[in-house]
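Below is one structure, written out as structure tokens; comments come after it.
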Amino acid sequence: MDFREVESKWQKFWEEHPDLYKAQNVSSREKKYVLVEFPYPSGSGLHIGHTFTFTGGDVYARYLRMKGFEVLFPMGWDAFGLPTENYAIKTKQKPQKITKENTEMYKSQMKKLAFSFDWSREVNTTDPAYYKWTQWIFVQLYKKGLAYKQEMPINWCPSCRIGLANEEVLQSKTGKNVCERCGAEVERRTISQWVVKITDYADRLIEGLEKTDFIDKVKAAQINWIGKSEGARVKFKIKNYDEELEVFTTRPDTLFGATFMVVAPEHLFVKKLKERVGGKKWSEIENYVLESKKKSDLERTDLVKEKTGVWTGLHAINPVSREEIEIWISDFVLGNYGTGAIMAVPAHDQRDWDFAKKFRLPIRPAIYPKNLKNLNKFMSFYWGGDMEDGQEDGATADEFYHVVGTIKPYVEAVGEIWGSGDWNGWEVPRDFDKVLDWIEKKGIGERSTTYHIRDWIFSRQHYWGEPIPMIYCEKCGWQPVDESDLPIVLPEVEAYEPTEDGQSPLAKIEEFVNCKCLVCGGEAKRETDTMPNWAGSDWYFLRYIDPNNDTVIAREEWLKKWMPVDVYIGGDEHNTLHLLYSRFIYQFLWDIGSVPKEIPEPYYKRISHGVILGPDNQRMSKSKGNVIVPETVADKYGVDVLRMYLMFMGPFEGTMAWNEKTLMGVKRFLEKYSKNILKAIDNKQSNVESDSSNKIKLIINKTIKGVSEDIERFSYNTAIAKLMEANNALVDKYNEVSKEDLRSLIKLLAPFAPYTAEELWAYWAKASEGSVHQQQWPEVEEKYLIEDIFRVAVAVNGKVRSEIEVSSEDENDEQKVLLLAREDEKMKSWLVGKEIVREIYVKGKMVNLVVK
RNA sequence: GCCGAAGUGGUGGAAUUGGUAGACACGCAGGUCUCAAAAACCUGUGGCCUCAUAAGCCGUGACGGUUCGAUUCCGUCCUUCGGCACCA
């Protein structure tokens, strides 16, 4: 069998029978929606990672189809993006043309690799008929107040004169932030940007996870990314100054231990200080603020070791202890988290401790720690005799070290509250609520929740993206374009270089920019920023369901049929952003009634696929010269060998290195298996059909059971191992295998090796029976799984010492099995002179005799 | 630092709810075929002790625990990988 002939023959056949893999919207079968992340069609073609992932999805989809499900297994193109834009600039070609060439190349490669996608549902994010709906979603977000324009600092490349997204900024060897394209050092610039309020959905995005079956890793990553913290906001009055500072804290129970405050350099409070402090102090402050502004986010978080800061010259009043505490400015406090100001409790927080240590600020504990080793020293140091007159002052870090010596510089804030007035004797975290109640009752502060997740910066100053469908009128302000005018089509232009002032290339195109205000009819301008890459990929799985609909995203009837996605296969790199963004957009669409009410989450299960490393155990890269090109491998060994090897390499989620020797093992297997089956078929044609023996039935049924279960849990490597086992067990018995069972063996191969299976099937099946991929998956016949005689291990005190044979009639007769075990020849030496104190029989598996 | 996953032969990896650890494959060794090599096929292959494929001992990162029995459950620790990270 020459695989080249076989492949071209069946490719042609499949091409002529497009209904084979077509998902029917109207069908009596139960549905399954199998989704693989759609690729970015780059110029270098489909790589081995795609091949691996898509094969994983394809095996599953083919299996489910044969199991009798109506399977939706679609494919499309996430084609907006920088590489194409850059290539367009370099080669002076239209991105539209480049995209078309690349998607055509990808598609033909995918067909060759026998992926059973339903091509009638192909989507492309760069198709105006598609991005009409990406824009429509943005308009809905705007209408619901979830999209707004704001001044935002961005990364600016002075050489390319372009704004860069965070993912387009690289870190150089010297620790500087540089432009991905040209290597120039990136600056910070403040530009007005569209922002989407994903923070409004933070709680829903956490709660929704309960309705999914994502693995813990993914759930944890999402929860971690959202970063919800519950605590309180507390207001601090300032001495001799008519201002207040509000802080957010997750530990209001340590309020008595707050011995100073710190505000972020970008805090509004700092800007007002010029008038209040003035002169020398102000220039000191101003210097510090300027210094920290120069630092990038990375530098600010990189230099964790050494804290910097400046005193404002002001004092705040601790609202519970009434003490005067210093107010400092430091960039370890973030301007965009919480209130941008903190109360510092150095006794119970590492960062506050570090700061207090450096600037010799007082330290005072508020919690009597539960697990403190050096309790006596700690106690006498802090509370000694001072407690009684209520004059306990904080101590500086130097004093702390001197007296306490070996204990940790700060202590876990778990235990009994001390030195805190009314709260003394309460235990935290148990009495956390009591503290919050007390604080709210006294009007000092209130319960509050904060998130790490920030609103989503939605503007990009690039050409190759969806135009943001907004219009600005000097008089009437921002307005969305009329929905009937969608899509706002990306104009085809000659040059894609950015403008002098960092605006999107679209800004140069007057006929695009100039338009009429929808309110007053006067002169207005279109937004020229485009959307980020995520925008098109947030909702593509909905479009597959109804790809040509011009009136809605997808019709409800079909959404109800197909959603949610049963299994979503993708990479770990998309477990946070893409998954979160698309869940957010889906939840939003749910809120506005664009998706069915009974389906609140888009994805039921998420599987993260593994990574294929080069033969040198390194990530594949052109510079390392360790890239494996799927087409080359397929040309040399055949598509089926490539597919099967990829699935056999290791667990689907794992990281595995390419190894051509192991591939040879798979090739040998596939050849032997085919040869054996073909030979058996030839013999069958002359012989009278007879049924397989029970021994053979056992092998066949065990294999059917094992392969099915393994595919269902994405354990493809063991599924293939079971086919190999079957082949090894049948190697000298193939002639005794019945026709029906030979058919089953071919069917079991079909999801992994679609060409070979098709060829084997055609070797004897009538043409009217059609493709092997339309056949019913073999059923397990339980009655054949029962073995006449099976072996039961016999252990003494848990160690296996012998084995006995038990017939199936005696399997349930515990007394008889135990008797056989005790009387076993080998057991005698183990039992002599011992007393059996206990006997355990695990049905059909083992006996354990406990002796003394 | 926090969160998550994982540590099993020479290698990739099996062992689905606690029940015969090492399935399957690679590699290696020996053999068949061959003038020879490659390919193909057959046999063996965790370590120790052995003439022995007799019996035994050790063995799933380390140490303890629960159990008749632990790769699997619990505790402490070590290591690796992935995510987040001055988030109050």
Side-chain angles (χ1 to χ4, degrees), chain A residues 215-225 227-229 231 247-252 254 258 261-262 264 300-307 330-334 336-345 348-352 354-355 450-454 572-573 575-576 608 611 645 648-651 653-666 668-669 671-672 706 709-710 712-713 715 717-728 731 791-803 826 829 836-851:
Chain A
I215 51 170
D216 287 349
K217 179 166 94 172
V218 177
K219 283 189 183 177
Q222 299 233 334
I223 290 169
N224 196 17
W225 187 265
K228 182 176 182 171
S229 338
V247 302
F248 172 73
T249 175
T250 54
R251 295 306 303 267
T254 63
M261 295 183 82
V262 189
R300 232 169 112 163
T301 55
D302 227 32
L303 305 168
V304 178
K305 300 100 206 167
E306 197 67 4
K307 294 243 179 321
S330 173
D331 61 12
F332 87 84
V333 174
L334 304 174
N336 53 2
Y337 181 77
T339 63
I342 62 156
M343 63 175 213
V345 185
H348 300 299
D349 182 277
Q350 178 73 62
R351 293 151 308 171
D352 297 350
D354 292 340
F355 198 81
T450 315
Y451 304 88
H452 293 200
I453 195 174
R454 305 289 147 78
D572 279 339
E573 70 275 22
N575 280 346
T576 41
S608 47
V611 179
Y645 167 59
F648 185 64
M649 285 176 90
E653 301 81 26
T655 304
M656 297 147 296
W658 185 264
N659 180 348
E660 202 119 340
K661 292 223 166 110
T662 305
L663 179 142
M664 291 306 291
V666 174
R668 274 197 284 271
F669 160 72
E671 280 165 1
K672 282 188 279 188
E709 285 171 358
D710 285 352
E712 272 167 42
R713 61 189 178 104
S715 182
N717 56 333
T718 56
I720 292 170
K722 274 161 192 153
L723 288 175
M724 290 172 168
E725 272 182 81
N727 184 58
N728 292 344
V731 71
R791 295 167 192 285
V792 172
V794 183
V796 178
N797 291 342
K799 286 201 171 173
V800 177
R801 300 297 183 188
S802 184
E803 201 173 64
K826 275 189 184 166
S829 63
I836 296 175
V837 291
R838 202 172 152 188
E839 296 170 322
I840 293 132
Y841 171 52
V842 184
K843 201 183 126 190
K845 287 202 169 138
M846 74 179 300
V847 167
N848 191 15
L849 303 174
V850 185
V851 302

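Sequence lines set the chain letters: A, B, ... in the order given, protein chains first and strands last, and positions in each chain run from 1.
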Distance, [atom1] atom - from [M] to [N], rounded to whole angstrom:
N	M	atom1	result
B:rU60	B:rU71	C1'	5 Å
B:rU53	B:rC63	C1'	37 Å
B:rU34	B:rA52	C1'	34 Å
B:rC24	B:rU43	P	12 Å
B:rG22	B:rG7	C1'	16 Å
B:rU76	B:rA5	P	16 Å
B:rG1	B:rU72	P	26 Å
B:rA38	B:rU45	P	24 Å

Could you tell me whether the phosphate oxygens of [N], OP1 or OP2, come under 4.0 Å of any side-chain nitrogen or oxygen in [X]?
X	N	answer
A:N797	B:rG69	no
A:K845	B:rG69	no
A:S229	B:rA88	yes
A:K799	B:rC58	yes
A:R801	B:rG69	no
A:R713	B:rU16	no
A:R668	B:rA40	yes
A:N717	B:rA23	no

Once rounded to the nearest 0.5 Å, what's the spacing between atom [atom1] of [X] and atom [atom2] of [Y]?
X	Y	atom1	atom2	result
A:I342	A:M261	CD1	CE	8.5 Å
A:T718	A:R713	OG1	CZ	5.0 Å
A:K307	A:S330	NZ	OG	7.0 Å
A:I453	A:I223	CD1	CD1	12.5 Å

### Message
If you define the side chain from C-beta out and look only at heavy atoms, does anything of A:R251 sit under 4.5 Å from A:V345?
### Response
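A side-chain contact under 4.5 Å is absent here.
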
Any donor-acceptor pair under 3.5 Å from A:D349 side chain to A:A344 backbone
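No.
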
Applying a 3.5 Å limit to both distances, which nucleotide forms a Watson-Crick or G-U wobble pair with [N]?
N	answer
B:rA29	B:rU43
B:rU79	B:rA6
B:rU17	none

Requested in this report: Please work out whether B:rG9 sits syn or anti, treating a glycosidic angle within 90° of 0 as syn.
Outcome: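 In terms of base orientation relative to the sugar, B:rG9 is syn.
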
- Item | Polar side-chain contact A:N224-B:rC84 base: donor and acceptor under 3.5 Å |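 Absent.
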
Could you tell me whether the side chain of A:K217 has a donor or acceptor atom within less than 3.5 Å of a complementary atom in the base of B:rC3?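 No pair found.
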
Indicate, with a heavy-atom threshold strictly under 4.0 Å, whether A:E653 touches base, sugar-phosphate, or nothing.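 Answer is nothing: A:E653 stays at 4.0 Å or more from every strand.
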
Practice problem: Would you classify A:K672 as touching base, sugar-phosphate or nothing, given that sugar-phosphate means primed atoms plus P, OP1 and OP2, and contacts are heavy atoms under 4.0 Å? | Solution: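 Counting heavy atoms under 4.0 Å across all strands, the contact made by A:K672 is with sugar-phosphate only.
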
(message) Go nucleotide by nucleotide along RNA chain B from the 5' end; which of A:I840 and A:G706 gets its closest nucleotide reached first?
(response)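 The 5'-side residue here is A:G706.
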
> If you find the nucleotide of RNA chain B closest to A:M343 and the one closest to A:T655, which residue's nucleotide is nearer the 5' end?
Replying inline: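 Result: A:T655.
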
